Engineer: 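Mind having a look at this structure? Questions to follow.
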Amino acid sequence: MICFAQEVSVPILMYHNINDNYDISNKSNEMSTAEFEDQLKTLKKNNYNTISFYEYLEYRNGNTELPENPIIITFDDGYLNNYTIAFPLLKKYNMKATIFVITGRVNLNDSVLYPHFNWAQAKEMEDSGIIDIESHTNYHNMLNKISDASLTYELRKSRYLIKKHLGKDSQIIAYPYGFYNEKVIDFAVGAGYKSAVIISQDQYPGVNYEDTDVYKLKRITAAGGVSGSDLIEIIEKNKRI
């Protein structure tokens, strides 16, 4: 079944870290392997079909149609467990995802709580057709709090490094901490980005429709301690907002 434009809503899920020993107080950023797999299995069982941002933008431009129940899965930061745990599970269930990578932290193990994957691992994921690597800036600074020169650097250096190591033009960005303003959007457009995602502290930010600003795409936090069936309820409630 193909969805037509007036029917389509596109939820975007936000994940960060897969950690079997996570602190429940940090459940908005972490979940266990079993919880992540349960959410994937339940999405699949409920006929959700993962798409890329590029497929979504092609739909928005009137160049393609989307499958029934389209959904976008995203990860922020570029943790090693995205490669060692999430990537194999996404392959197992034939589901796509986008990883927004902090390019200045690629292969970083020291001075961080969790290690980050390296460029060879990023290339393997990108080449699989399962994972799309996109920008989360270079140093994860608050883009609305820095100078124009630093803003330009953050936006363009990350695109440069993704191009250098993966051979692609990154056109999607996740604003660090979800902080942005109209100047940030203007600079992002100037740097070559075609779309951006935001973060909401609210569990029910809503989903994305044909008229949603492509530089302010909404995301639903997929939290630890949330079962697959509970996640479906959260998604469906967001569709009604």
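Values in this document were obtained by computation on a predicted structure and should not be read as measured data.
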Engineer: Would you give the length of the straight line joining atom CD of Gln39 to atom CD1 of Ile232, rounded to the nearest 0.5 angstrom?
Structural biologist: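 Output value for this atom pair is 9.0 Å.
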
Engineer: First locate atom OG1 of Thr221, then atom CD1 of Ile234, and finally report the distance between them rounded to the nearest 0.5 Å.
Structural biologist: 9.5 Å

Engineer: Ignoring hydrogens and geometry beyond distance, is a side-chain donor-acceptor pair present between Ser158 and Asn138 at under 3.5 Å?
Structural biologist: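 No, because no side-chain N or O of Ser158 sits under 3.5 Å from a partner of the opposite role on Asn138.
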
Engineer: Please check if the side chain of Glu55 supplies one atom and the backbone of Leu66 the other of a donor-acceptor pair under 3.5 Å.
Structural biologist: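 No.
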
Engineer: Ion pair present between Glu236 and Lys239, side-chain N to carboxylate O less than 4.0 angstrom?
Structural biologist: yes

Engineer: I need the Asn94 CG to Leu40 CG distance, nearest 0.5 Å.
Structural biologist: 11.5 Å

Engineer: For Asn109 and Pro115, work out which heavy atoms get closest and say how close.
Structural biologist: OD1-CB, 2.9 Å

Engineer: Is there a side-chain contact between Thr33 and Leu89 (heavy atoms, below 4.5 Å)?
Structural biologist: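 A side-chain contact exists here, since the closest heavy-atom pair is under 4.5 Å.
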
Engineer: Are Val197 and Val189 linked, directly or through other ILVMFWY residues, by side chains that come within less than 4.5 angstrom of each other?
Structural biologist: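 Yes, one cluster joins them.
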
Engineer: With sequence neighbours left out, write down each residue that passes side-chain contact (heavy atoms from CB on, under 4.5 Å) with Asn19, or none if nothing qualifies.
Structural biologist: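 With neighbours one apart ignored, the set is Asn17, Asn21, Tyr22, Glu30, Tyr114.
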
Engineer: Is Ile146 linked to Tyr139 within one hydrophobic cluster, defined over Ile, Leu, Val, Met, Phe, Trp and Tyr using a side-chain heavy-atom separation of less than 4.5 Å?
Structural biologist: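 Cluster IDs for Ile146 and Tyr139 differ.
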
Engineer: Among Ile162, Val101, Thr103, Leu161, which one satisfies side chain to side chain contact (heavy atoms under 4.5 Å, CB included) with Ser170?
Structural biologist: Ile162

Engineer: Is the shortest heavy-atom distance from the side chain of Ile131 to the side chain of Tyr83 under 4.5 Å?
Structural biologist: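 A side-chain contact is absent here, since even the closest heavy-atom pair is not under 4.5 Å.
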
Engineer: Would you please say whether a donor-acceptor pair under 3.5 Å links the side chains of Tyr193 and Glu134?
Structural biologist: no

Engineer: Are any of the side-chain heavy atoms of Tyr59 and Ile51 separated by less than 4.5 Å?
Structural biologist: no

Engineer: Keeping Glu126 on the side-chain end and Ile133 on the backbone end, is there a donor-acceptor pair under 3.5 Å?
Structural biologist: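 Yes.
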
Engineer: Work out which heavy atom in Asn82 is nearest to a heavy atom in Ala86; give both atom names and the distance.
Structural biologist: O-CB, 3.4 Å

Engineer: Please check if Phe187 and Ile102 belong to a single hydrophobic cluster, counting links between Ile, Leu, Val, Met, Phe, Trp and Tyr side chain heavy atoms closer than 4.5 Å.
Structural biologist: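 No, Phe187 does not connect to Ile102 through the hydrophobic network.
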
Engineer: Mark yes when over 12 heavy atoms from residues, nucleotides or ligands other than Lys168 sit less than 6.0 Å from its NZ; otherwise mark no.
Structural biologist: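 Yes, enclosed.
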
Engineer: Taking atom CG of Leu155 and atom CD1 of Ile173, what is their separation to the nearest 0.5 Å?
Structural biologist: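 Spacing of CG (Leu155) from CD1 (Ile173) equals 5.0 Å.
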
Engineer: Answer yes or no: is there a side-chain heavy-atom contact under 4.5 Å between His116 and Tyr79?
Structural biologist: yes

Engineer: Please indicate whether Tyr93 has more than 12 foreign heavy atoms, meaning atoms of other residues, nucleotides or ligands, lying under 6.0 Å from its OH.
Structural biologist: yes

Engineer: Once you round to the nearest 0.5 Å, how far does CD1 of Ile18 lie from CD1 of Ile85?
Structural biologist: 6.5 Å

Engineer: Say whether Met14 and Tyr56 are linked into one hydrophobic cluster, either directly or through other cluster members, by side-chain heavy-atom distances under 4.5 angstrom.
Structural biologist: no

Engineer: Test Phe53 against Lys194 for side-chain contact (heavy atoms from CB on, under 4.5 Å), laying out the working first.
Structural biologist: CA-CA 10 Å; Phe53 281 95; Lys194 304 298 183 185; over 6 Å; no

Engineer: Taking C-beta and beyond as the side chain, do Ile198 and Arg219 meet within less than 4.5 Å on heavy atoms?
Structural biologist: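 When only atoms from C-beta onward are counted, Arg219 and Ile198 do not touch, as no gap falls below 4.5 Å.
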
Engineer: Examine distances only and state if a side-chain atom of Gln121 and a backbone atom of Asn118 form a donor-acceptor pair shorter than 3.5 Å.
Structural biologist: yes

Engineer: So which atom in Ala122 and which in Leu166 form the shortest heavy-atom distance, rounded to 0.1 Å?
Structural biologist: C-CD2, 3.9 Å

Engineer: Measure from the side-chain N and O atoms of Asn46 to the backbone N and O of Thr42, and report whether any donor-acceptor pair falls under 3.5 Å.
Structural biologist: yes

Engineer: Show your reasoning for whether side-chain contact (heavy atoms from CB on, under 4.5 Å) applies to Leu13 and Ile235.
Structural biologist: CA-CA 9 Å; Leu13 300 179; Ile235 292 169; 4.1 Å; yes

Engineer: Ignoring hydrogens and geometry beyond distance, is a side-chain donor-acceptor pair present between Asp23 and Asn26 at under 3.5 Å?
Structural biologist: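 No, no side-chain donor-acceptor contact under 3.5 Å.
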
Engineer: Would you say that more than 12 heavy atoms from the other residues, nucleotides or ligands in this model lie under 6.0 Å from the NZ of Lys44, or not?
Structural biologist: yes

Engineer: State whether the side chain of Ser195 and the backbone N or O of Val214 hold a donor-acceptor pair below 3.5 Å, judged by distance alone.
Structural biologist: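 Yes; judged by distance alone, with no hydrogens or angles, the pair exists.
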
Engineer: What do you reckon, are the aromatic ring centroids of Tyr180 and Tyr175 less than 6.0 Å apart?
Structural biologist: yes

Engineer: Judged by modelled atom types alone, do Glu154 and Thr137 share a side-chain donor-acceptor pair under 3.5 Å?
Structural biologist: yes

Engineer: Tell me whether Asn107 contacts the main-chain N or O of Trp119 through its side chain, where contact means a donor paired with an acceptor under 3.5 Å.
Structural biologist: no

Engineer: Between Arg60 and Thr212, is any pair of side-chain heavy atoms under 4.5 Å apart?
Structural biologist: yes

Engineer: List for me each residue that meets ring pair (Phe, Tyr, Trp, His ring centres under 6.0 Å) alongside His140, sequence neighbours excluded, and say none if there are none.
Structural biologist: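 Partners of His140 by the ring pair (Phe, Tyr, Trp, His ring centres under 6.0 Å) criterion, ordered by chain and then number, come out as His136, Tyr177.
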
Engineer: Quick one: do Leu143 and Ile199 end up in the same hydrophobic cluster if we chain Ile, Leu, Val, Met, Phe, Trp and Tyr together by side-chain heavy atoms under 4.5 Å apart?
Structural biologist: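 The answer is no; the residues belong to distinct hydrophobic clusters.
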
Engineer: Does the Asp186 side chain pair with the main chain of Asn181, one donor and one acceptor, at a distance under 3.5 Å?
Structural biologist: no

Engineer: Going by heavy atoms in the side chains, are Ile220 and Val207 under 4.5 Å from each other?
Structural biologist: yes

Engineer: Considering non-hydrogen atoms only, spot the tightest contact between Asp38 and Gly228 and give its length.
Structural biologist: OD2-N, 2.7 Å

Engineer: So, does Asn208 use its side chain to make a donor-acceptor pair with the main chain of Lys218 at under 3.5 Å?
Structural biologist: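 Side chain of Asn208 to backbone of Lys218: a pair is present.
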
Engineer: Could you tell me which residues satisfy ring pair (Phe, Tyr, Trp, His ring centres under 6.0 Å) with Tyr15, sequence neighbours excluded, listed by chain and number?
Structural biologist: Phe36, Phe75

Engineer: Nearest 0.5 Å, what's the CG-NE2 distance between Asp76 and His16?
Structural biologist: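 One gets 4.0 Å once the value is rounded to the nearest 0.5 Å.
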
Engineer: Could you give me the CA-CA distance, side-chain angles and deciding distance for Ile172 and Phe100, then say whether side-chain contact (heavy atoms from CB on, under 4.5 Å) is met?
Structural biologist: CA-CA 8 Å; Ile172 322 294; Phe100 292 106; 3.8 Å; yes

Engineer: Does Lys183 use its side chain to pair, donor to acceptor, with the backbone of Asp148 at less than 3.5 Å?
Structural biologist: no

Engineer: Quick one: does any side-chain atom of Ser200 pair with a main-chain N or O of Asp202 as donor and acceptor, under 3.5 Å?
Structural biologist: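 Answer holds: yes.
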
Engineer: Are any of the side-chain heavy atoms of Val106 and Leu108 separated by less than 4.5 Å?
Structural biologist: no

Engineer: Where do Tyr160 and Lys157 land on the side-chain contact (heavy atoms from CB on, under 4.5 Å) test, with the steps shown first?
Structural biologist: CA-CA 5 Å; Tyr160 165 77; Lys157 182 61 178 288; 4.1 Å; yes

